[in-house]
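Both counts, for ligands and for their atoms, begin at 1 and track the order of listing.
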Amino acid sequence: MREGISDYTKLTVDLRRHMWKAGVEIELRRLIWQIAVMGKYISAKIHESNRKLAGLKNIFGEEQLALDKSADEILKNQLQFSGFVREYASEEQDSVIQIGEGNEKYFITADPLDGSSLVETNLAIGTIIGIHKESMLAEGRNSLVAAMYITYGPLITMVYSAGKGTHEFVLNREGEYVLSEENITLKQRGDIYSLGGLRKDWTPEHRRYIEFLEKEGYKLRYSGGFVPDINQVLIKRGGIFTYPALVKSPKGKLRLLFELQPMAFIIEQAGGMATDGKQDILSIKVEDLNQRCPIYIGSRYEVEKAKEFLTSS
Ligand code: AFP
């Protein structure tokens with residue numbers, strides 16, 4: 001240990017040490033670390049591009065910079081030189097792109113900046129990453145080996161799982177990710193719920209489920225940002241996030257590959273569940289990059305209840 005290190009530093013476990021101790025294989029450790037570091041650049045981009053910060057909002061009447069495109073560029077350009085990534089797919093790309101030589105170990109899916117429409121309201125937003133060991137057009141359970149998300153809020157936090165539990169790190173003033181919550185485990189049931197879509201567009205089964213939660217006294221927590229809303233269920237150790245099938249869009253809004261699979265991997269590793277109302281999210285085969293899917297994700301009691309209501313005739 002370097003001399004003069006503060007007690008605080010001695011107590012902190014940084015991301016690389018945590019993954020090494022957890023037995024995460026070296027290339028995957030380095031890849032997760034590289035992506036976590038890119039979170040710092042994306043956060044800087046959010047601050048730099050937010051005209052409000054520069055007091056220039058709408059003075060020129062220009063469109064808010066496409067932050068999600070910038071975030072995508074940062075991820076793609078850095079991963080291109082990582083040495084570990086063969087293919088990259090993102091919500092900002094039309095197709096899967098080969099960014100490696102063709103013999104690298106991992107395939108990456110990214111929602112580079114989910115909730116970007118919330119930037120001007122200063123609400124938290126996030127980056128969602130899936131790390132696959134084979135082509136992503138498969139069942140998540142067979143291809144995903146790790147998943148992570150970065151939350152850009154009052155603090156920058158990063159949650160990851162490499163199949164050995166779910167853990168949260170916070171970016172400290174020195175620019176290091178230090179462990180804040182290890183082996184996060186959801187309770188059997190929580191007391192908060194997030195609900196997407198308009199009530200008038202819900203199916204009768206979904207409406208009956210939400211009315212059940214409300215009768216049970218669940219508290220509504222919904223920001224319009226998938227990452228902070230899921231993060232709240234995880235850090236509060238329970239509850240449920242739903243974005244259901246709607247009368248006009250039976251597949252709901254959220255994307256299976258870029259948003260739901262990584263979050264399902266992380267929540268399952270924390271002892272929770274994720275379903276489309278009938279089957280596990282991680283058991284659904286990805287046929288198409290932009291495939292959408294209804295989602296019920298969180299602690300077991302609430303998800304099991306959702307399945308009961310959704311499959312009752
Ligand atoms: P944006 O990226 O367009 O802000 O959408 C965010 C999102 O994809 C997801 O983060 C939210 O959970 C969901 O949409 C909110 O959708 P509604 O605006 O329909 O509630």
Side-chain angles (χ1 to χ4, degrees), residues 39 42-43 45-46 49-50 52 63-75 89-93 109-130 147-153 157 159 192-203 206-207 209-210 213 220-236 239-267 272 274-277 281 288-298 302-303 306:
I42 293 174
S43 170
K45 201 73 190 163
I46 294 168
S49 313
N50 189 330
K52 220 179 254 186
E63 275 304 299
Q64 174 78 19
L65 284 178
L67 262 177
D68 25 21
K69 294 250 179 294
S70 313
D72 184 52
E73 280 304 305
I74 290 170
L75 286 168
S90 117
E91 278 202 8
E92 303 306 321
Q93 301 286 335
T109 63
D111 182 352
L113 205 57
D114 184 85
S116 49
S117 65
L118 299 172
V119 170
E120 62 174 340
T121 66
N122 198 30
L123 279 174
I125 57 178
T127 295
I128 307 171
I129 299 287
M148 59 197 287
Y149 65 84
I150 301 169
T151 307
Y152 309 101
T157 57
V159 168
I192 58 175
Y193 71 119
S194 293
L195 36 72
L198 298 177
R199 201 171 280 266
K200 68 179 180 60
D201 296 337
W202 290 347
T203 61
H206 180 73
R207 187 197 312 278
Y209 173 60
I210 296 299
L213 293 178
L220 178 58
R221 295 290 183 271
Y222 191 71
S223 75
F226 186 45
V227 170
D229 288 344
I230 286 284
N231 190 58
Q232 181 164 203
V233 169
L234 185 73
I235 300 303
K236 294 279 187 194
I240 187 152
F241 175 97
T242 77
Y243 206 109
L246 302 173
V247 173
K248 294 194 193 81
S249 35
K251 292 289 182 194
K253 174 180 182 182
L254 301 185
R255 290 182 175 81
L256 174 61
L257 183 63
F258 299 114
E259 295 166 310
L260 304 185
Q261 276 192 347
M263 291 306 197
F265 186 91
I266 287 167
I267 289 291
T275 175
D276 65 352
I281 289 295
D288 168 88
L289 287 183
N290 288 310
Q291 193 171 333
R292 296 171 193 269
C293 189
I295 179 75
Y296 296 80
I297 180 170
E302 290 88 340
V303 174

Legend entry - ligand 1 contacted by G196 (non-hydrogen, < 4.0 Å): no

Inset, instruction - Work out whether the distance between some heavy atom of I125 and some atom of ligand 1 is less than 4.0 Å. - result: no

Legend entry - L118, portion touching ligand 1 at heavy-atom distance under 4.0 Å: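 Neither part.
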
Inset, instruction - State which residues pass side-chain contact (heavy atoms from CB on, under 4.5 Å) with A147; sequence neighbours excluded, sorted by chain then number. - result: P262, F265, I266

Legend entry - Closest approach of any protein heavy atom to atom 18 (O) of ligand 1, naming residue and atom: K253 NZ, 3.8 Å

Inset, instruction - Starting from atom 15 (C) of ligand 1, find the nearest protein heavy-atom neighbour and note its residue, name and distance. - result: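 Nearest neighbour among protein heavy atoms for atom 15 (C) of ligand 1, to 0.1 Å: Y222 OH, 3.2 Å.
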
Inset, instruction - For S223, check side-chain hydrogen bond (donor to acceptor under 3.5 Å, both in side chains) against everything at least two apart and list the hits. - result: D229

Legend entry - Atoms of ligand 1 close to G225 [distance to a heavy atom under 4.0 angstrom, numbered from 1]: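 What qualifies from ligand 1 is 10 (O).
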
Legend entry - Side-chain donor/acceptor of S194 to backbone N/O of R221, under 3.5 Å: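 Side chain of S194 to backbone of R221, a donor-acceptor pair under 3.5 Å: yes, one is there.
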
Inset, instruction - Check F258 against I128 and note the closest heavy-atom contact, atom names and distance. - result: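 Where F258 meets I128 most closely, the heavy atoms are O-CG2, 3.4 Å.
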
Legend entry - Closest non-hydrogen atom pair between L113 and D68, with its separation: CB-CA, 4.0 Å

Legend entry - Close N or O approach (V227, ligand 1; < 3.5 Å): no

Inset, instruction - Give yes or no for whether the N/O distance cutoff of 3.5 Å, strictly under, is met between F241 and ligand 1. - result: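 Looking only at distances, the answer is no, because the N/O contact criterion of under 3.5 Å is not met.
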
Inset, instruction - Classify the angle between the aromatic ring planes of H206 and W202 as parallel (below 30°), tilted (30 to 60°) or perpendicular (above 60°). - result: perpendicular

Inset, instruction - Counting heavy atoms only, name the option from Y243, F226, F258 that's nearest to atom 12 (O) of ligand 1. - result: F226

